[in-house]
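This is the structure I have questions about; it appears just below.
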Amino acid sequence: MKLTVLGCYAATPRTFTNPTSQVLEIKNHLFLIDCGEGTQVQLRKYKIKFSRINHIFISHLHGDHFFGLPGLISTFRLLGREKELHIYGPKGIKHAITLFLKLGDSWTNYPLIFHELESKESELIFEDEKVTVNTVPLIHRVYTNGYLFREKEAPRTLDIEAARAYRIDKSQFNNIKKGKDGVDPSGKLVSNKKLTLDPPEPKSYAFCSDTVYNEAILPIIKGVTVLYHESTFLESEEHLCEKTKHSTAKQAAQIAKKANAKLLILGHYSTRYKSIELFKKEAEEVFPVVELADDGKVFDFGR
Ligand SMILES: [Zn+2]
């Protein structure tokens, strides 16, 4: 699982900072999460293959989270894309995008498939044999969802050393991989557990932006490997959270702690602050393992 942060600052694009967009690589998928203005340029800069993006998840319809989408959709057309593109986002996103395409008489040649969301409950919106994606309903000024990406538990793998030690014949290996017990040359049963290795623990990633402090998300993200939680403000500006429906670094850390996350990544910093190091310092007083997102930063969480 690997995360590339393309942009992680609030509000307007600036010379050296970009609005929200991330690419999550998980089990051979490249999921694009949010698509602020400038996302295409960032994708090029960090050498992410456009053709590998088949699913785009948009949290909400504020410009700094989706104004890059019409541009990216038309670039896909210019690049001769033929594959389906799936877009998940709040109800209204289809209308917004199709209006752009219609007015410019620039319909895509490839199938554009919208999955419009309007539920206030967490929903399973994507599933294949290795990954699931659920919404994480957030509280913001407009209808907003975070997303929880989860690896499914992999099957147990054959422990070749153990199989040799028990003198299990190769002809049984396929069945053992499927969960069957083995039989040694004397006809004695050897349990599957003795012949296989535990699969690696499934990893998960929760993207939670934009939102006020909201404990209702805890049951959904409980035990998550990596939590990205917005921290627009520092505690000194906490009075702005209620009106703007954003969180402080400290609040993000409280959510990480209560959710028993393994790692917290902060982002969506207000551009009023000169240094983002202060966000880390504030969060670390509540939760020990904090990283700062920054444009172009890559987090590799291993296989
Ligand atoms: Zn917003």
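Predicted model, so just to flag it, every value in this text is computed and none were measured. Numbering starts at 1 and runs along the sequence shown. Atoms within a ligand are numbered from 1 in the order they appear, just like the ligands themselves.
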**Message:** So that I can tick it off, tell me whether E235 and K250 are bridged by a salt bridge, with the cut-off set at under 4.0 angstrom between side-chain N and carboxylate O.
**Reply:** yes
**Item:** Aromatic F233 / basic R272 pairing, under 6.0 angstrom, 45° off normal
**Value:** no
**Presence of salt bridge, D210 and K245, under 4.0 angstrom** = no
**Prompt:** Can we say E285 and K281 salt-bridge, meaning some charged N sits less than 4.0 Å from an Asp/Glu carboxylate O?
**Reply:** no
**Prompt:** Which N, O or S atom name in H62 marks its closest approach to the Zn ion (ligand 1)?
**Reply:** ND1
**Prompt:** Which N, O or S atom name in H140 marks its closest approach to the Zn ion (ligand 1)?
**Reply:** NE2
**Request:** Measuring from the Zn ion (ligand 1), name the closest N, O or S atom belonging to D210.
**Result:** OD2
**Asked** Nearest to the Zn ion (ligand 1), which N, O or S atom of H60 do we find?
**Response** NE2
